[in-house]
Amino acid sequence: MEEMAIDNDINDIREIELNEAIELYGHKLLRYCHNILCDYADAQDAVQETFIKAYCKRNLFKENTSMQAWLYRIAYTTCIDMLRYKKLRSFIPYSVQASDICESKEYMSEELKAALMTLSPKDRALVFSRVIDEKSYSELELIYNASATALRKRYERAKKKLAGILRENGTDYSEREERDE
């Protein structure tokens with residue numbers, strides 16, 4: 001009986017932590033998902049699904065890990081799954097894409113969005129994490145389960161590709177120095 005009470009206490013604590021995480025990371029995850037999916041409505045769905053998955057799997061959260069990294073990892077896999085589903089759905093005849101119907105809220109230029117769409121979803125997520133969220137490579141290691149060296153190299157390639165595309169389109173792009181962490 002006492003063991004059951006302890007389990008309930010832990011679940012209550014984790015539920016409170018998850019509620020706080022929604023307040024702290026909800027908007028950041030929305031921006032993150034929007035940059036991967038490039039569709040505001042899909043990003044909202046992805047964030048909602050991320051928190052549902054986190055709630056359902058709150059017992060699997062390890063105390064010594066970062067809640068933020070855990071949520072970003074769930075959001076990343078959710079977005080990738082959504083992109084796979086969207087790609088699969090595009091092969092179904094007569095399907096109507098939701099992105100054609102609803103108008104989305106945009107906070108980036110069409111040129112930048114088009115350039116970002118040339119990157120893979122993994123590279124878009126990485127660029128967004130470095131530039132917008134200003135995450136260090138050590139934080140990104142936890143999110144992407146890859147070494148800092150591999151992430152740094154992938155980021156440099158993606159950044160170089162974006163710069164080339166933006167230059168071709170006549171958009172001024174000046175390299176900015178980044179902090180290495």
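Everything quoted here is computed from the prediction, not taken from an experiment.
Atom CD1 of I36 and atom CG of D123 lie 11.0 Å apart (nearest 0.5 Å). Separating the OG1 atom in T149 from the CZ atom in R154 is a distance of 13.0 Å, to the nearest 0.5 Å. Rounding to the nearest 0.5 angstrom, the gap separating the CG atom in L116 from the NZ atom in K161 is 11.0 Å. In this structure, the separation between CZ on R73 and OG1 on T78 is 10.5 Å, given to the nearest 0.5 Å. Here the CG atom belonging to L71 is positioned 10.0 Å from the CD1 atom belonging to I143, to the nearest 0.5 angstrom. Atoms CG and OG1, from N145 and T77 in turn, are 10.5 Å apart once rounded to the nearest 0.5 Å.
Residues Y32 and L142 are members of separate hydrophobic clusters, defined by side-chain heavy-atom contacts under 4.5 angstrom among Ile, Leu, Val, Met, Phe, Trp and Tyr. Hydrophobic clustering, with ILVMFWY side chains joined whenever heavy atoms are under 4.5 angstrom apart, keeps M117 apart from L83.
A cation-pi geometry, defined here as NZ or CZ lying under 6.0 Å from the six-membered ring centre and within 45° of its normal, does not hold between K160 and Y155.
In summary, the side chains of S129 and Y144 do present a donor paired with an acceptor at a separation below 3.5 Å, with no hydrogens or angles considered. Between the side chains of S136 and S138, at least one donor-acceptor pair of N or O atoms lies under 3.5 Å.
Between E134 and R130, none of the side-chain N atoms (NZ, or NE/NH1/NH2) sits under 4.0 Å from a carboxylate O, so this pair counts as no salt bridge.
Scored by the side chain to side chain donor-acceptor pair (under 3.5 Å) test, Y76 finds no partners at all (sequence neighbours excluded).
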